[in-house]
Structure formats: structure tokens, C-alpha cells
S.K.: 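To start, I am sharing the structure in question, which I have written as C-alpha cells.
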Amino acid sequence: MAYYITLFSPDTYHTFTQTERSISGFRENQKTQANAIKKGDKLIAYVTKLSRWAGILEVTGEYFIDNAPVYSDDDVYTLRFPVKEIAWLPLDQALPVDDEECWTSLSFTRNLPRKSTAWTNMVRGNLRRFEEEDGAWIESYLKRQLSAPKIFPLSESDHRKLVTLTVKTQESKEVEVSVPVKEEQEPAPTSEKDDVRESIRVQAMLSRLGERMKLKIWLPKSDRQRVLAVWKPETDSLLTTLPLNYDNITLKTIENIDVLWIKGRSIVRAFEVEHTTSIYSGILRMADLMALQPNLDISAHIVAPAERREKVLQEISRPVFALLEKGPLKESCTFISYEAVTELSAEKRLEYMNDKVLDEYQERAGDLD
């Protein structure tokens with residue numbers, strides 16, 4: 001028996017709570033992770049934004065694909081597991097990650113400072129496997145909450161996060177959006193040179209990852225020499241011209257994207273690497289690309305430090321990006337942390353994989369809203 005995480009936004013938590021809680025749904029692009037899950041394995045429910053453990057669901061059979069709406073009219077969670085509820089708690093009884101007993105008990109938090117965000121890689125995406133000792137501890141605690149509940153009151157900030165904001169598209173479809181509040185605290189300023197140096201290192205890692213998967217790499221001319229000081233191509237993977245056929249405005253936009261993975265005459269993945277002092281330029285460039293070429297089918301990613309996760313996902317979900325002709329930006333642009341890139345770089349079998357492996361490391365605003 002193994003433990004895996006299942007993510008709920010406050011919204012999907014409330015929707016799931018009102019059902020029989022017998023079906024747990026995921027996106028179809030998570031088939032690779034789903035194939036590893038067996039009958040008897042357990043899903044640990046984590047509520048995003050509130051950072052709370054809310055339930056345990058036992059898998060009772062193999063997954064199946066079903067397009068019939070369950071949780072909404074445009075239900076995207078069509079890969080579904082039959083499950084049995086072991087524990088499901090009200091939000092004010094769900095266990096906060098930063099509760100002292102929880103923080104000091106879990107292997108991925110106990111050795112970290114209390115304000116650290118390094119642990120959030122463990123909850124970056126659905127169906128990530130947990131260490132057995134961590135899963136067993138969370139299950140034991142949540143079961144204890146069923147018989148002797150301890151109340152963890154929701155703060156004023158928590159209550160604000162429970163409010164869902166939506167806008168209507170031209171097709172009268174309601175799309176969830178985020179409006180960052182003015183008083184949000186930015187991270188303490190760091191040396192600009194350190195920021196740039198780190199972003200170049202990450203560009204180099206992404207280039208090496210693509211090369212190992214036998215893809216061609218494009219780097220902006222303004223960054224190329226600095227990236228090549230870190231990444232030494234072992235093949236002819238670095239392109240000097242783009243093999244793409246678009247109008248001049250589109251090509252100028254594409255040429256300035258931090259890293260492109262290209263196969264044949266198609267862009268496979270596009271990455272904007274943002275350092276801690278700014279996350280806007282890359283998001284705007286991705287939005288420009290989607291606006292200029294609404295029929296372009298590529299996977300776009302904003303790559304930034306883990307502590308910038310919430311800020312990036314909020315910005316991707318802004319109302320202005322929800323009204324693109326192609327559809328909301330958050331449906332085609334995801335977040336990947338620097339730490340996730342480093343972790344993937346340690347994968348020894350990359351030469352036998354394709355770019356789909358990145359789906360296990362990305363975080364989608366639509367799943368976390």
C-alpha cells in the first residue's frame with residue numbers, strides 16, 4: 001500500500017464534500033502517474049491556499065475515463081478513481097501544515113525553518129507519492145480528529161482565500177480569476193546580480209534537459225553567451241535560426257522567450273525563467289504569444305523560485321489573461337519551480353523519456369485556485 005497526494009482548491013473541496021465522495025478525478029494528462037496507483041493505495045487530500053490536510057481516500061479499483069460532468073458543466077477531471085472515504089474533515093478541523101505537531105513530525109518539514117517554503121515541492125501536483133511514514137502519520141492524525149476533533153480556526157486571511165472571483169468570457173463561460181491584493185508583501189530584495197546568475201543557471205539546466213531528450217534548443221541572442229558559459233552542448237542541439245513560419249511580430253515575440261524546446265518545425269515547450277525581483281515580463285510575453293497565435297498548441301511554463309509560486313499563479317489568473325481568444329492563460333501556461341527543474345535534472349533515464357515527463361513537475365493555476 002502506498003500514499004499519494006490529491007489536491008483540492010477550497011472550491012473543489014466544497015464541491016467534493018457535497019457528493020458521495022466515491023469518485024476522485026484528475027486530468028487525463030496524468031495517466032503516467034495514475035498507472036502506478038493500485039487498489040488499496042490511499043490518497044491524502046490537501047487543500048491549497050489554506051495548506052491543510054483534510055482527508056484520506058482509499059482507492060477501490062483501477063482508474064477509468066469518463067467525460068460525463070460530475071463536479072461542473074465543463075469538468076476537466078475525467079480520469080477517475082473509485083474511492084472509499086476513510087476520513088473527511090471540515091476545514092476548521094483539517095490539519096494545517098504549519099501546526100507545530102505536524103511540522104515537526106513530517107520528514108519534509110521537520111528540518112526546515114517554520115517560514116520556509118521548500119516543503120511545497122511535496123504538494124506541487126496531483127498523485128505525487130509520499131513517504132510511507134509521512135502518509136501513515138497524516139492518516140493517523142486525521143483519524144484521531146474524527147473521534148476527538150481539535151479546532152484550527154480559519155484566519156481572516158483564510159476566509160479571504162475562500163472567496164471565488166469569476167469573469168464571463170465572450171462565450172458566456174464563467175472563468176475563475178485572481179485579483180492580487182495591494183498589501184501583498186514582496187520577498188526581501190536580493191542582489192540583482194545573484195538573481196540574474198541564478199536565472200541563467202536555470203536556463204542552462206532547461207537547455208540541458210531538452211538536449212538529453214533529443215530536442216532542439218532555442219535561446220534568445222541576448223542570453224546565449226551567458227547560458228553557454230554554463231551549458232556546453234554535446235550535440236548540435238542549439239539552433240541559430242528558428243525553423244518556424246510566422247509573421248514578424250509573432251517571430252519577434254518567440255525569439256525573446258527564455259528557452260524553447262523544438263521538435264522538427266514545432267515548438268514543444270516554451271519557458272520563461274523569472275528571478276525573484278520580477279515575474280511579469282515572462283507572463284506578458286506568454287500572453288502576447290497566445291493572443292497573436294490563438295491556434296498555437298504549445299505548453300508554456302513560468303519557471304521561478306518555489307517561494308514565488310503563489311504570486312505567479314495569481315498573476316496567471318488575472319482577469320485580463322482570462323479573456324484571451326484562445327481561452328484563459330492559466331489553461332495553457334503553468335508554473336514550474338527552480339527546485340523542480342533541479343530535481344528533474346538528476347533523473348538518470350531522461351534520454352529514454354520525452355517532454356511529457358514535465359507534466360509531473362508543473363503546477364496549474366486551474367488546479368490550485
S.K.: Between Glu255 and Lys252, is there a salt bridge with N-O shorter than 4.0 Å?
M.R.: no

S.K.: Quick one: CD1 on Ile5 to CD on Gln33, what's the gap to the nearest 0.5 Å?
M.R.: 12.5 Å

S.K.: For Ile283 and Arg318: C-alpha separation, side-chain torsions, deciding distance, then whether side chain to side chain contact (heavy atoms under 4.5 Å, CB included) applies.
M.R.: CA-CA 11 Å; Ile283 294 173; Arg318 276 182 179 269; over 6 Å; no

S.K.: Quick check: do Leu344 and Met353 have side-chain heavy atoms less than 4.5 Å from each other?
M.R.: no

S.K.: Could you walk me through whether Leu146 and Leu142 pass side chain to side chain contact (heavy atoms under 4.5 Å, CB included), step by step?
M.R.: CA-CA 7 Å; Leu146 293 175; Leu142 297 188; over 6 Å; no

S.K.: Would you mind checking if Arg309 and Glu363 are paired as a salt bridge, meaning a charged N to carboxylate O distance below 4.0 Å?
M.R.: yes

S.K.: What residue pairs, at least two apart or across chains, pass salt bridge (Lys or Arg N to Asp or Glu O under 4.0 Å) with a residue in residues 257-272?
M.R.: Arg269-Asp355, Arg269-Asp359, Glu272-Arg285

S.K.: Show which side-chain atoms of residues 63-70 pair as donor or acceptor with protein atoms under 3.5 Å away, not counting sequence neighbours.
M.R.:
| from | atom 1 | to | atom 2 | distance (Å) |
| --- | --- | --- | --- | --- |
| Tyr63 | OH | Asn35 | OD1 | 3.1 |
| Asp66 | OD1 | Ala68 | N | 3.0 |

S.K.: I'd like to know if the side chain of Thr12 pairs up with that of Ser9 as donor and acceptor (distance under 3.5 Å, no hydrogens or angles considered).
M.R.: yes

S.K.: Please evaluate residues Thr32 and Glu360 with respect to the criterion side chain to side chain contact (heavy atoms under 4.5 Å, CB included), reporting the C-alpha separation (whole Å), side-chain torsions for both, the decisive distance (0.1 Å), and the verdict.
M.R.: CA-CA 9 Å; Thr32 300; Glu360 301 177 29; 3.7 Å; yes

S.K.: Got a salt bridge between Glu211 and Arg208, using NZ or NE/NH1/NH2 to carboxylate O under 4.0 Å?
M.R.: no

S.K.: One pair to check against side chain to side chain contact (heavy atoms under 4.5 Å, CB included): Met122 and Leu106. What are the steps and the verdict?
M.R.: CA-CA 11 Å; Met122 290 301 298; Leu106 299 179; over 6 Å; no

S.K.: Around atom CD of Glu351, are there more than 12 heavy atoms of other residues, nucleotides or ligands at under 6.0 Å?
M.R.: yes

S.K.: Applying salt bridge (Lys or Arg N to Asp or Glu O under 4.0 Å) as the test, list every pair that has at least one member in residues 101-111; sequence neighbours left out.
M.R.: Glu101-Arg144, Arg110-Glu133

S.K.: Does Arg349 have more than 12 heavy atoms from other residues, nucleotides or ligands lying within 6.0 Å of its CZ?
M.R.: no

S.K.: Could you grab the distance from atom CD of Glu198 to atom CD of Glu274, nearest 0.5 Å is fine?
M.R.: 13.5 Å

S.K.: Just checking Glu132: does its CD atom have more than 12 heavy atoms from other residues, nucleotides or ligands closer to it than 6.0 angstrom?
M.R.: no

S.K.: Could you list the cluster mates of Ile249? Members are the ILVMFWY residues connected by side-chain heavy atoms closer than 4.5 Å, either directly or through other members.
M.R.: Leu292

S.K.: Pairing donors with acceptors under 3.5 angstrom, does anything connect the side chains of Gln203 and Asp223?
M.R.: yes

S.K.: With a 4.5 Å heavy-atom cut-off, do Leu154 and Arg52 have their side chains touching?
M.R.: yes

S.K.: When you measure from the side chain of Thr109 to the backbone N and O of Ser105, does any donor-acceptor pair fall under 3.5 Å?
M.R.: no

S.K.: Is Thr60 reaching over with its side chain to a backbone N or O of Pro82, donor-acceptor style, under 3.5 angstrom?
M.R.: yes

S.K.: If you measure only the distance, is there a donor-acceptor pair under 3.5 Å linking the side chains of Ser337 and Arg124?
M.R.: no

S.K.: Between Trp88 and Gly55, which heavy-atom pair has the shortest distance, and what is it?
M.R.: CE3-CA, 3.9 Å

S.K.: Ignoring hydrogens and geometry beyond distance, is a side-chain donor-acceptor pair present between Tyr3 and Glu139 at under 3.5 Å?
M.R.: yes

S.K.: Over all heavy atoms of both residues, which pair between Thr120 and Ala306 is shortest? Give the atoms and the distance, please.
M.R.: OG1-CB, 4.1 Å

S.K.: Does any part of the side chain of Glu310, heavy atoms only, come nearer than 4.5 Å to the side chain of Thr117, both counted from C-beta?
M.R.: no

S.K.: Which pairs pass ring-ring contact (aromatic ring centres under 6.0 Å, His included) with one or both residues in residues 220-240, sequence neighbours excluded?
M.R.: none

S.K.: Ser140: what forms a side-chain contact (heavy atoms from CB on, under 4.5 Å) with it, not counting sequence neighbours?
M.R.: none

S.K.: Which distance, rounded to the nearest 0.5 Å, do you find between the OG of Ser116 and the CG of Asp98?
M.R.: 12.0 Å

S.K.: Going by the side-chain hydrogen bond (donor to acceptor under 3.5 Å, both in side chains) test, which pairs reach into residues 240-249, not counting sequence neighbours?
M.R.: Asp247-Thr250, Asp247-Gln293

S.K.: Just verifying a value: how many Å separate Leu324 CG and Glu331 CD, rounded to the nearest 0.5 Å?
M.R.: 10.0 Å

S.K.: How far apart are the closest heavy atoms of Gln93 and Pro149, and which atoms are they?
M.R.: OE1-CB, 3.4 Å

S.K.: Side-chain contact test, heavy atoms from C-beta onward, threshold under 4.5 Å: evaluate it for Phe152 versus Asp158 and give yes or no.
M.R.: no

S.K.: Who pairs with Phe321 by ring pair (Phe, Tyr, Trp, His ring centres under 6.0 Å), at least two apart in sequence or on another chain?
M.R.: none

S.K.: Just how far is it from atom NZ of Lys42 to atom CD1 of Ile86, taken to the nearest 0.5 Å?
M.R.: 5.5 Å

S.K.: Counting neighbours of NZ on Lys232 that are heavy atoms of other residues, nucleotides or ligands and sit closer than 6.0 Å, is the number greater than 12?
M.R.: yes

S.K.: Checking Val230 now: which residues fulfil side-chain contact (heavy atoms from CB on, under 4.5 Å) with it, not counting sequence neighbours?
M.R.: Ile200, Ala204

S.K.: For Ile257 and Ala270, work out which heavy atoms get closest and say how close.
M.R.: CG2-CB, 4.2 Å

S.K.: Rounded to the nearest 0.5 Å, how far does CG of Leu313 lie from OG1 of Thr48?
M.R.: 9.5 Å

S.K.: In chain order, what residues pass the ring pair (Phe, Tyr, Trp, His ring centres under 6.0 Å) check against Tyr141, with sequence neighbours excluded?
M.R.: Trp137

S.K.: Quick one, Val273 and Tyr338 - any side-chain contact, counting heavy atoms below 4.5 Å?
M.R.: yes

S.K.: Where the side chain of Asp41 meets the backbone of Val59, is there a donor-acceptor pair that is under 3.5 Å apart?
M.R.: no

S.K.: Would you check if Leu228 and Pro233 make a side-chain contact, meaning some heavy-atom pair closer than 4.5 Å?
M.R.: yes

S.K.: Under the rule for side-chain contact (heavy atoms from CB on, under 4.5 Å), what residues qualify as partners of Glu156, not counting sequence neighbours?
M.R.: Arg160

S.K.: What are the two closest heavy atoms between Ser207 and Val227, and how far apart are they?
M.R.: OG-CG1, 4.3 Å

S.K.: Shortest non-hydrogen contact from Ser24 to Thr6?
M.R.: OG-OG1, 3.9 Å

S.K.: Around Glu131, counting heavy atoms of other residues, nucleotides and ligands shown, do more than 12 lie under 6.0 Å from its CD?
M.R.: no

S.K.: If the condition is ring pair (Phe, Tyr, Trp, His ring centres under 6.0 Å), which residues does Phe271 pass it with, not counting sequence neighbours?
M.R.: Trp261, His301

S.K.: Do the non-hydrogen side-chain atoms of Leu95 and Gln145 ever get within less than 4.5 Å of each other?
M.R.: no

S.K.: Within the structure provided, determine whether Phe108 and Asn121 are in side-chain contact (heavy-atom separation under 4.5 Å).
M.R.: no

